[in-house]
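Notes follow once the structure below has been shown.
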Amino acid sequence: MEANDILSSKKYFLVGEIHGTRECPAIFLDFIRVYDIGNVALEIPRDYQKEVEEYFLSKRKLENLSWFRDKEKNHDGRKSDSMKQLVRILKERRVRVFLVDILEKSFEQIALHKRDDIMACSLLELDRRIAFLCGNVHVMKQPLYLPLDSPFYDQYPLGVVQTCGSFLPEEESVSVQIHALNGGTFFNCGYKSYNPDKIQQRRVDRTNLPCIIPSKDPSFDFQYLIERFSAST
């Protein structure tokens with residue numbers, strides 16, 4: 001089956017991004033347009049669902065959405081200007097938006113290893129064809145095994161991250177990782193560098209970017225390859 005046929009047919013369209021780039025939200029919008037998806041989930045705490053709904057009903061202005069208005073200087077990229085514009089365009093296109101991350105007020109009380117399970121349950125409860133934009137780890141369809149020296153190792157049982165994608169039914173989901181062959185920059189608690197992928201550079205015709213290819217990492221079905229990332233604060 002061709003990539004487009006697979007992407008068009010799956011109920012859960014999982015798009016893994018690097019937080020804090022200009023490119024990832026724009027690519028996500030293209031996916032929604034090309035594959036005619038009318039529902040979107042975002043990795044934003046559910047605390048803000050009511051405000052987003054008020055914005056979509058024109059009862060609140062975009063600049064008054066607390067998630068973006070109260071942006072701290074060292075945010076992790078999910079409050080970037082590009083994410084803000086994503087929400088604006090989703091409203092223009094009349095795409096329904098659901099926030100599925102855990103509540104901010106309960107973040108300290110819920111063990112970190114429960115977070116992906118909760119996001120997956122939220123998607124399953126919605127029971128509709130939906131595209132989910134979130135960090136790359138969350139869309140992995142297989143658990144992630146952290147090395148012993150990882151600062152997060154002790155926060156997961158035996159260092160195993162049961163990812164959101166691994167909780168969803170395999171036959172109903174597709175996972176796409178957005179990847180920049182030539183590296184670039186992103187903003188996640190400060191400006192950071194994204195390393196070039198020299199191995200992939202030798203395998204892929206870079207004059208044909210962007211393109212989508214089958215992923216060699218079994219945790220993802222496909223990679224969407226672009227030239228570079230650029231930071232969005």
Side-chain angles (χ1 to χ4, degrees), residues 1-7 10 13-35 43 74-83 85-86 116 131-153 155-156 159-166 170 173-233:
M1 187 179 290
E2 295 292 331
N4 280 338
D5 294 330
I6 296 172
L7 294 168
K10 299 300 183 178
F13 192 124
L14 311 175
V15 180
E17 72 157 355
I18 295 296
H19 295 322
T21 72
R22 297 177 184 175
E23 291 75 17
C24 291
I27 291 166
F28 184 67
L29 282 168
D30 281 342
F31 282 146
I32 293 167
R33 177 183 57 82
V34 170
Y35 298 106
E43 188 191 344
N74 65 338
H75 67 88
D76 68 0
R78 291 180 295 158
K79 298 185 178 185
S80 70
D81 290 341
S82 293
M83 285 295 294
Q85 291 310 307
L86 169 63
D116 280 76
F132 182 27
L133 178 66
C134 57
N136 276 321
V137 169
H138 302 301
V139 308
M140 295 173 70
K141 297 175 76 173
Q142 296 184 6
L144 173 65
Y145 295 86
L146 297 173
L148 284 171
D149 59 356
S150 168
F152 300 105
Y153 184 91
Q155 299 185 56
Y156 294 90
V160 180
V161 182
Q162 295 288 346
T163 60
C164 178
S166 69
E170 165 68 26
S173 59
V174 62
S175 177
V176 181
Q177 177 197 32
I178 302 174
H179 182 49
L181 284 184
N182 205 33
T185 59
F186 63 101
F187 188 94
N188 187 326
C189 300
Y191 286 96
K192 296 180 180 178
S193 297
Y194 189 85
N195 293 328
D197 187 339
K198 295 183 179 179
I199 294 175
Q200 282 278 57
Q201 286 177 358
R202 292 193 292 268
R203 293 175 177 166
V204 175
D205 178 5
R206 293 170 63 192
T207 64
N208 197 34
L209 297 179
C211 67
I212 191 164
I213 63 171
S215 174
K216 292 188 178 297
D217 182 341
S219 294
F220 306 98
D221 293 304
F222 298 100
Q223 280 190 320
Y224 187 86
L225 303 179
I226 65 172
E227 183 67 28
R228 292 182 62 85
F229 284 138
S230 53
S232 176
T233 61

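We count residues from 1, following the sequence as given.
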By side chain to side chain contact (heavy atoms under 4.5 Å, CB included) - contacts of Val160 (at least two apart): Pro143, Tyr145, Leu158, Gln162
If the condition is ring pair (Phe, Tyr, Trp, His ring centres under 6.0 Å), which residues does Phe220 pass it with, not counting sequence neighbours? none
Identify which one of Phe28, Phe31, Phe13 satisfies the ring pair (Phe, Tyr, Trp, His ring centres under 6.0 Å) criterion when paired with Tyr224. Phe31
So Gln200 and His179, side chain to side chain donor-acceptor pair (under 3.5 Å) or not? Walk me through it. CA-CA 10 Å; Gln200 282 278 57; His179 182 49; 5.2 Å; no
Could you note down all residue pairs passing salt bridge (Lys or Arg N to Asp or Glu O under 4.0 Å) where residues 218-233 supplies at least one of them, sequence neighbours left out? Lys141-Asp221, Arg206-Glu227
List the steps, then state whether side-chain contact (heavy atoms from CB on, under 4.5 Å) holds for Leu7 with Val34. CA-CA 10 Å; Leu7 294 168; Val34 170; over 6 Å; no
Apply side-chain contact (heavy atoms from CB on, under 4.5 Å) to residues Glu17 and Ile27 and explain how you reach the verdict. CA-CA 10 Å; Glu17 72 157 355; Ile27 291 166; over 6 Å; no
So does Ala231 get a backbone contact from the side chain of Thr185, meaning a donor-acceptor N/O pair under 3.5 Å? yes
Could you please spell out the steps behind the side-chain contact (heavy atoms from CB on, under 4.5 Å) verdict for Ser230 and Glu23? CA-CA 7 Å; Ser230 53; Glu23 291 75 17; 2.5 Å; yes
Within the 4.5 Å heavy-atom criterion, are Thr21 and Ser82 side-chain neighbours or not? no
Looking at CG of Asp116 and OG of Ser166, how far apart are the two atoms once the value is rounded to the nearest 0.5 Å? 7.0 Å
Do Phe132 and Cys164 come within less than 4.5 Å of each other through their side chains, counting heavy atoms only? yes
Partner residues of Phe229 under the ring pair (Phe, Tyr, Trp, His ring centres under 6.0 Å) criterion, sequence neighbours left out: Tyr194
Flag side-chain contact, heavy atom, 4.5 Å: Phe152 against Val161: no
Could you tell me the separation between the CD1 atom of Ile18 and the CG atom of Asn136, rounded to the nearest 0.5 Å? 4.5 Å
Residues at least two apart in sequence or cross-chain that pass side chain to side chain contact (heavy atoms under 4.5 Å, CB included) with Ile199, listed by chain then number, are Asp197, Arg202, Arg203
What's the verdict on side-chain contact (heavy atoms from CB on, under 4.5 Å) for Ser173 and Lys10, showing C-alpha distance, side-chain angles and the deciding distance? CA-CA 5 Å; Ser173 59; Lys10 299 300 183 178; 5.8 Å; no
Contacts of Asp30 that satisfy side chain to side chain contact (heavy atoms under 4.5 Å, CB included) - sequence neighbours left out: Arg33
Working for side chain to side chain donor-acceptor pair (under 3.5 Å), residues Thr163 and Gln142: CA-CA 7 Å; Thr163 60; Gln142 296 184 6; over 6 Å; no
Value for CD (Glu170) from OG (Ser175), rounded to nearest 0.5 Å, stands at 9.5 Å
Distance col, row Gln177:CD vs Ile212:CD1, nearest 0.5 angstrom, shows 11.0 Å
For the atom pair CZ (Arg78) and NE2 (His19), what is the distance rounded to the nearest 0.5 Å? 5.5 Å
Determine the minimum heavy-atom distance between His75 and Gly77, stating which atoms define it. ND1-N, 3.0 Å
Does the side chain of Val15 reach to within under 4.5 Å of the side chain of Val139, using non-hydrogen atoms? no
Rounded to the nearest 0.5 Å, how far does CD1 of Ile178 lie from CG of Leu133? 6.5 Å
